[in-house]
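Order of the sequence lines sets the chain letters (A, B, ...), proteins ahead of strands, with each chain counted from 1.
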2 protein chains.
Amino acid sequence: MTLADVAETAGVSAITVSRVINQPDKVSASMRDKVQKAIDKLGYIPNRSASALASARSGVLGVVIPSLSNAVFNDVLRGIYDVAGPAGYQVLLVDTHYSPMEEERMVRTLLSQAPEAMIITGGDQTQHTRKMLVKSGVPIVQVMETVESPIDMNVGFSHRQAGYDLVTRLLANGFDRIGFLGARMDPRAQQRMLGYKQAMDTAGRNYDGLIVTTPKPSSIAMGGELLRSVMSSSNGVCDALFACNDDLALGALFECQRMNISVPGDMAICGFNDIETAALVNPSLSSVHVPRYEMGVTATEMVLKVLAGNEVENKKIDIGYTIQMRQSTSTDIHW
Amino acid sequence: MTLADVAETAGVSAITVSRVINQPDKVSASMRDKVQKAIDKLGYIPNRSASALASARSGVLGVVIPSLSNAVFNDVLRGIYDVAGPAGYQVLLVDTHYSPMEEERMVRTLLSQAPEAMIITGGDQTQHTRKMLVKSGVPIVQVMETVESPIDMNVGFSHRQAGYDLVTRLLANGFDRIGFLGARMDPRAQQRMLGYKQAMDTAGRNYDGLIVTTPKPSSIAMGGELLRSVMSSSNGVCDALFACNDDLALGALFECQRMNISVPGDMAICGFNDIETAALVNPSLSSVHVPRYEMGVTATEMVLKVLAGNEVENKKIDIGYTIQMRQSTSTDIHW
DNA sequence: TTGTAAGCGTTATCAT
DNA sequence: ATGATAACGCTTACAA
């Protein structure tokens, strides 16, 4: 079922059919009608490969994320799909499993689809990946974190600063021995930990035995495990926790409830990302709110702007974050 | 940067380069070396569109899901990616936003990429969508639910039966006035509700004022709202709830906690899907466990099998479910 | 407004 | 084992 078939059925030339599909304005109404009938009759569906080859426009937006299981990327993805879809772009999504080597393979795979633009997570690509990306010449946005020297464009926020601010706030609220829980320490988690350390250092606090991390994947269950770890490594002398993400924080919270450790009375807990559960669990969980959906939307709008031939004035956008203090870090006597 | 460029650089013909890439065995070692060097030197990346056009093999697996925000589909997706990726297939994912009309558009879009196989959610496609799918001639698996007359293949389970079993179990445990909470009643949610009604009917129970649903999207917050609704519509005479999914169930649970309604003492609650939080929240949440990841894996293995030219003996697979009874529906006096 | 011809980058087919 | 040539289905450039 090809253009030629439709053309024959309609009694016109192939190019006319092509025009009816892609530039209807350039075709007379009568032609349009005739051709459209033939299309419907035959159930013709254009072949994008042929179209891409002939026009050098693939209509593909490549997206690289480190994990499909992490709900955080879902929100970004939604933003991307919501903008890319209506604009007529197809999203080709690949998952690197947090591995720079796999990322290299995936980027090559993606590039072989001749994407017109790419959105990629973070700034820690291998040298080779960067080279491929630059060479491709397509507009690229690195998302999720602010990047010193972006390949092209960048939308994110400083995870280090967010961690620093949060811990500083906890210290100001009178928490003394603040622990850090982390799992699967990707570059952004590392930055959050760095922020934690800087805040503790600035306040002249020692964090020996207060940091517990694991290379294993993050999960709610892991949050429970890490809580038990920090209780023992700190000899129980720990009155607050900065969990690297909300899953860990929830796991720690649930585990505290089972161990009859009062939150925030005996242990304050805060997470990162502000997933929906955070605001609704009891006690509600303090967290760092990040506009993930907006990040996806913004990144996609940026590449579309470039593709439309317009200038992007600000190639580096810090989309910020807001700290949500809730019951789990309250110092109110009633808690 | 094309095959021809590489060929020239290596001093061979284009087809030889193609062979080095696709069928290295058919090329002598010396040629392979020479060509590979040229490829590396030029940083050549093959053009999939041209390849797809010439070979009539796109290497694309089309996947249709109703929502990117629903974590449930994520697990299925992971299973799909984990099998499709290593097999050399690219996943092209589209989101229908639970709309059959949008699904029709999306399927057309997908088909224009000439996917070699498709995985699509559920069995409620429009007549036209079905027609397109059948006509495409590619292997197709409908996932998430058992389908009476699959377009081609099917992997799922009976949501109606699961709902029926769960409610029957609650009745057997002595719960009397069991309510139903539902949001965004997609076909599978409808089936769960039907199962609920059948179980109630079978037990001779009346469910006036006990069913509360909304067309709005499901969320944890919505679970809280629906809980308040059912409390009022049932005049407070409701001792157990079957929430259509775990988000609603968690929302109801959290809201009960805030309203000082003891769970399960005053109100038993159970959900559906068995997301990770279910087993870890306090009290732990009863739910229906569904092997989502396995569903994605199985579906993908089925299409790969067909693509490899093998027979699939069982085209309809009921992957089952297991009911997880936990603290939230316990009748133990200690709760 | 419509059509003709050439070519996009790759692979199938058929030689050598 | 390697290569020449002709597709694949569409769009660009140019003509009518």
Side-chain angles (χ1 to χ4, degrees), chain A residues 1-39 42-60 88 90 108-109 111-116 135-137, chain B residues 1-36 38-39 42-60 88 90 108-109 111-116 136-137:
Chain A
M1 190 57 39
T2 72
L3 260 196
D5 297 326
V6 178
E8 190 178 357
T9 304
V12 302
S13 75
I15 187 65
T16 300
V17 179
S18 171
R19 290 205 184 96
V20 168
I21 295 170
N22 301 308
Q23 326 170 46
D25 305 340
K26 304 208 158 185
V27 178
S28 69
S30 63
M31 271 283 163
R32 253 198 318 258
D33 248 43
K34 202 160 51 169
V35 171
Q36 192 56 56
K37 278 206 183 80
I39 289 177
L42 298 179
Y44 168 69
I45 295 180
N47 180 326
R48 295 279 281 204
S49 292
S51 168
L53 186 57
S55 68
R57 299 197 63 249
S58 65
V60 165
Q90 304 240 18
R108 187 192 313 283
T109 301
L111 286 178
S112 79
Q113 298 281 3
E116 296 183 37
K135 186 169 177 187
S136 76
Chain B
M1 190 57 38
T2 73
L3 261 195
D5 296 327
V6 177
E8 190 178 355
T9 303
V12 301
S13 74
I15 187 68
T16 299
V17 179
S18 171
R19 287 203 186 99
V20 169
I21 294 170
N22 301 307
Q23 326 169 43
D25 304 341
K26 304 207 159 186
V27 179
S28 69
S30 63
M31 271 283 162
R32 251 196 321 255
D33 248 43
K34 200 160 54 171
V35 171
Q36 192 56 56
I39 290 177
L42 299 178
Y44 168 70
I45 295 181
N47 180 326
R48 295 280 279 204
S49 292
S51 170
L53 185 58
S55 69
R57 299 198 62 247
S58 65
V60 165
Q90 304 240 17
R108 187 192 313 282
T109 301
L111 287 177
S112 77
Q113 298 281 4
E116 294 182 39
S136 76

For the pair made of [atom1] in [X] and [atom2] in [N], what is the distance, rounded to whole Å?
{"X": "A/Ile15", "N": "C/dG7", "atom1": "CD1", "atom2": "P", "value": "16 Å"}
{"X": "B/Leu3", "N": "D/dT2", "atom1": "CG", "atom2": "P", "value": "16 Å"}
{"X": "A/Lys34", "N": "C/dT1", "atom1": "NZ", "atom2": "C1'", "value": "12 Å"}
{"X": "B/Asn22", "N": "C/dT10", "atom1": "CG", "atom2": "C1'", "value": "9 Å"}
{"X": "A/Leu53", "N": "C/dG9", "atom1": "CG", "atom2": "C1'", "value": "5 Å"}
{"X": "A/Ile21", "N": "D/dC10", "atom1": "CD1", "atom2": "P", "value": "8 Å"}
{"X": "A/Leu111", "N": "C/dG9", "atom1": "CG", "atom2": "P", "value": "16 Å"}
{"X": "A/Ile45", "N": "D/dC10", "atom1": "CD1", "atom2": "P", "value": "11 Å"}

Q: For B/Arg19, answer base if it contacts any base atom (sugar-phosphate contacts may also be present), sugar-phosphate if it contacts only those atoms, and nothing otherwise; contact means non-hydrogen atoms under 4.0 Å.
A: base

Q. How do B/Ser55 and B/Asp25 order along DNA chain D: which one's closest nucleotide is nearer the 5' end?
A. B/Asp25

Q) Okay, side chain of B/Arg48, backbone of A/Ser112: is any donor-acceptor separation there less than 3.5 Å? A) no

**Q.** B/Val20 vs B/Val12 side-chain heavy atoms within contact, under 4.5 Å
**A.** no

Give a yes/no on whether any side-chain N or O of [X] is located under 4.0 angstrom from OP1 or OP2 of [N].
{"X": "A/Ser49", "N": "D/dG9", "answer": "no"}
{"X": "A/Asn47", "N": "D/dC8", "answer": "no"}
{"X": "B/Ser18", "N": "C/dT10", "answer": "no"}
{"X": "B/Thr16", "N": "D/dG3", "answer": "yes"}
{"X": "A/Ser13", "N": "C/dG3", "answer": "yes"}

**Q.** From A/Leu3 atom CG to A/Ile21 atom CD1, the distance as rounded to the nearest 0.5 Å
**A.** 5.5 Å

Q | Step-by-step side-chain contact (heavy atoms from CB on, under 4.5 Å) determination, B/Ile45 to B/Met1 | A | CA-CA 8 Å; B/Ile45 295 181; B/Met1 190 57 38; over 6 Å; no

(Q) Within a 6.0 Å radius of atom CD on B/Gln36, are there more than 12 heavy atoms belonging to other residues, nucleotides or ligands? (A) yes

Q. If you check every side-chain atom of B/Ser51, which of D/dG9, D/dT12, C/dT10 has the closest atom?
A. C/dT10

